[in-house]
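Take a look at the structure below.
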Amino acid sequence: MTSSFEAIEPAQDIEPAQDIEPAQDIEPAQDIDRAQEAAKRNLWLHFTRMSAYADSHIPVIVRGSGAYVFDQRGKRYLDGLSGLFVSQVGHGRKEIAEAGARQAEELAYFPLWSYAHPKAIELATRLADLAPGDLNRVFFTTSGSEAVESAWKLAKQYFKLIGQPERYKVISRELAYHGTSMGALAITGLADIKYPFEPLPPGGVRVPNTNFYRAPEFVRDDLGAFGEWAADEIERAILREGPQSVAAVYLEPVQNSGGCFPPPPGYFQRVREICDRYGVLLVSDEVICAFGRLGYYFGSERYGYQPDIITFAKGLTSGYSPMGGMVVRDALIEPFTAGTATFLHGITFAGHPVSAAVALANLDIFEKEDLLGNVRTNEAAFRATLEKLNDLPIVGDIRGAGYFYGIEMVKDKATRETFDDEESERLLRGFLSQALFDAGLVCRTDDRGDPVIQLSPPLICGQEHFDEIEGILREVLTEAWNRL
């Protein structure tokens, strides 16, 4: 099937999701109109074409409960993306809200600039206990981008302090997203979102990612050989740049952008060997993959490798309050523990007392409800349910791990032919994104690589949610194919 995708009107025949307790959520029409007017006049949405809402309503989500959220009109949606890979424990957790409120009453704010407060100490200790190996020192931020940039700044200053000031370059993978601040953007492997802000800080170097579905021809039929080749490309990049100039390699356990690329067997072990050979730091960017997304507190545990730095955010608080950070190996702080050495970096709201209290309450729920066990127990069922979609001609590949999956769409299943830019625009923005939302599923449609649908449901989900996701996807993807 190779025909072009037609311009598509929003689907009229996709059955909308049913409401739960609609009377609690429906706002008067006058209030809805007023909110829409204010949103269009004053609110700037992130990564959003504002013109897309010139003649339509902006979705306004007013409440969450468990795995579901509700809009102004009382309509229910399954949160199949956990907000934005964030809501691990689900929505509406009163115990987390109460923990934040108690802390706000006791101590709403104090910085970590030459001071400490009890919740930051307690949370840092808890994270150090959970982190693998000798990752014992926690530096807090307020977001994932800040965590990624903090790790790069640490690497640069660390190498200056130990007499290797020429090390500043960072190697990361094609299509990988590591954040939006200028430093994090320099590490990111998405050219389209970098161009408007160039020139960026120098030093970003790109290597191939681990998308086996799009592997080069010479390793397409051998996953092990593909993984070895992909890891060795990192070594080749280090040698091209000059080992003495490379500070760090940034990798996600499962790469998000491009559609959930898991690592081939042995990939990370080989990367660790390469980094050790050339004295390069290995940064595991786990802003998405940490805190249960892959069934472990840290994704590096799942794949059996020891990072020098782990960056984190999102799931640490399940979104009840902003927080991020990095946890680093003991050796990296040693140069900062003597004399006048100071890590010349700080963030006003990092380690915020309320966010720290929220994070601790969130981790309590992880333990009490064994959410890691829930993911590990149910991930095979989640995959199997999604793989039912393989009978659809538009589905090319289903990949991922834990509760983190991508579905790549193709024009031709046999040849793996993808959609061109115009077809992808019509497929994703002209139909799929709105049709999936109208059918009651919050997910991500993305074409920063080849066109994919991404799924990342709350860790509390089970088979009934998997079935609901599969049912909506089947109906909408079938309609999309019929419109080709």
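Computed from a prediction, not measured in an experiment: that's the story for all the values here. For reference, positions follow the sequence shown, starting with 1.
- Considering all non-hydrogen atoms of both residues, Tyr305 and Ser284 come closest at OH-OG, 2.7 Å.
- In this structure, Glu146 contributes its side chain and Thr142 its backbone to a donor-acceptor pair below 3.5 Å.
- Remark: the Thr385 side chain and the Glu470 side chain contain no N/O donor-acceptor pair separated by less than 3.5 Å.
- Of the possible donor and acceptor atoms, one in the side chain of Arg399 sits under 3.5 Å from a partner among the backbone N and O of Gly259.
- Taking 4.0 Å as the cut-off between side-chain N and carboxylate O, Arg137 and Asp330 do not count as a salt-bridged pair.
- Side-chain N or O atoms of Lys194 include one that pairs as donor or acceptor with a backbone N or O of Thr188 at under 3.5 Å.
- For the pair Val395/Lys413, a side-chain contact is recorded, criterion being any heavy-atom separation below 4.5 Å from C-beta on.
- Of the charged side-chain nitrogens involved, at least one lies within less than 4.0 Å of a carboxylate oxygen, so that Glu387 and Arg383 count as a salt-bridged pair.
- Remark: Arg444 CZ is packed, more than 12 non-hydrogen atoms of other residues, nucleotides or ligands lying under 6.0 Å away.
- His178 approaches Ala184 most closely through the heavy-atom pair O-CB, 3.5 Å.
- Aromatic rings from Phe437 and Tyr77 are positioned such that their centres are separated by under 6.0 Å.
- Within the 3.5 Å criterion, the main-chain N or O of Asp438 finds a donor-acceptor partner in the side chain of Lys75.
- When all heavy atoms of Ile347 and Ser150 are compared, the closest pair comes out as CD1-OG, 4.3 Å.
- Phe291 approaches Leu459 most closely through the heavy-atom pair O-CD1, 3.6 Å.
- Under the side chain to side chain contact (heavy atoms under 4.5 Å, CB included) criterion, Asp276 pairs with Arg272, not counting sequence neighbours.
- Under 3.5 Å, the side chains of Glu174 and Asn211 contain no donor-acceptor pair of N or O atoms.
- Of the possible donor and acceptor atoms, one in the side chain of Lys314 sits under 3.5 Å from a partner among the backbone N and O of Leu84.
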In a table with atom names and distances, give each donor-acceptor pair under 3.5 Å that connects a side chain of residues 261-269 to protein atoms at least two apart or in another chain.
{"from": "Tyr267", "atom 1": "OH", "to": "Arg173", "atom 2": "NH1", "distance (Å)": "3.2"}
{"from": "Gln269", "atom 1": "NE2", "to": "Tyr303", "atom 2": "O", "distance (Å)": "2.8"}
{"from": "Gln269", "atom 1": "NE2", "to": "Gly304", "atom 2": "O", "distance (Å)": "2.8"}

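- A donor and an acceptor atom, one from each side chain of Ser300 and Glu286, are located under 3.5 Å apart.
- Heavy atoms only, all atoms of each residue included: Asn378 and Phe466 are closest at O-CE1, 3.7 Å.
- Between Phe140 and Phe349, the ring center distance fails the sub-6.0 Å criterion.
- A salt bridge links Asp391 with Arg474; the closest basic N to acidic carboxylate O contact falls under 4.0 Å.
- For the pair Gln255 (side chain) and Ser257 (backbone), a donor-acceptor distance under 3.5 Å is present.
- Glu252 and Asn256 share no side-chain donor-acceptor pair at under 3.5 Å.
- In the model, Ser82 has a side-chain atom that pairs as donor or acceptor with a side-chain atom of Arg293 under 3.5 Å.
- Cation-pi geometry between Arg448 and Tyr177 is satisfied (NZ or CZ under 6.0 Å from the ring centre, within 45° of the ring normal).
- Side chains of Arg416 and Lys411 form no contact here, defined as non-hydrogen atoms less than 4.5 Å apart.
- Between Trp152 and Ile187, the shortest heavy-atom distance links the atoms CE3-CD1, 3.8 Å.
- The cationic atom of Arg302 (NZ for Lys, CZ for Arg) does not lie both less than 6.0 Å from the six-membered ring centre of Tyr296 and within 45° of the ring axis.
- Residues His91 and Ser318 fail the side-chain proximity criterion, which asks for heavy atoms closer than 4.5 Å.
- At most 12 heavy atoms of other shown residues, nucleotides or ligands fall within 6.0 angstrom of atom CG in Asp192.
- The aromatic ring centres of Phe218 and Trp229 sit less than 6.0 Å apart.
- Under a 3.5 Å cut-off, the side chain of Thr125 and the backbone N or O of Ile121 do form a donor-acceptor pair.
- Judged purely by atom type and a 3.5 angstrom limit, Tyr320 uses its side chain to pair as donor or acceptor with the backbone of Gly92.
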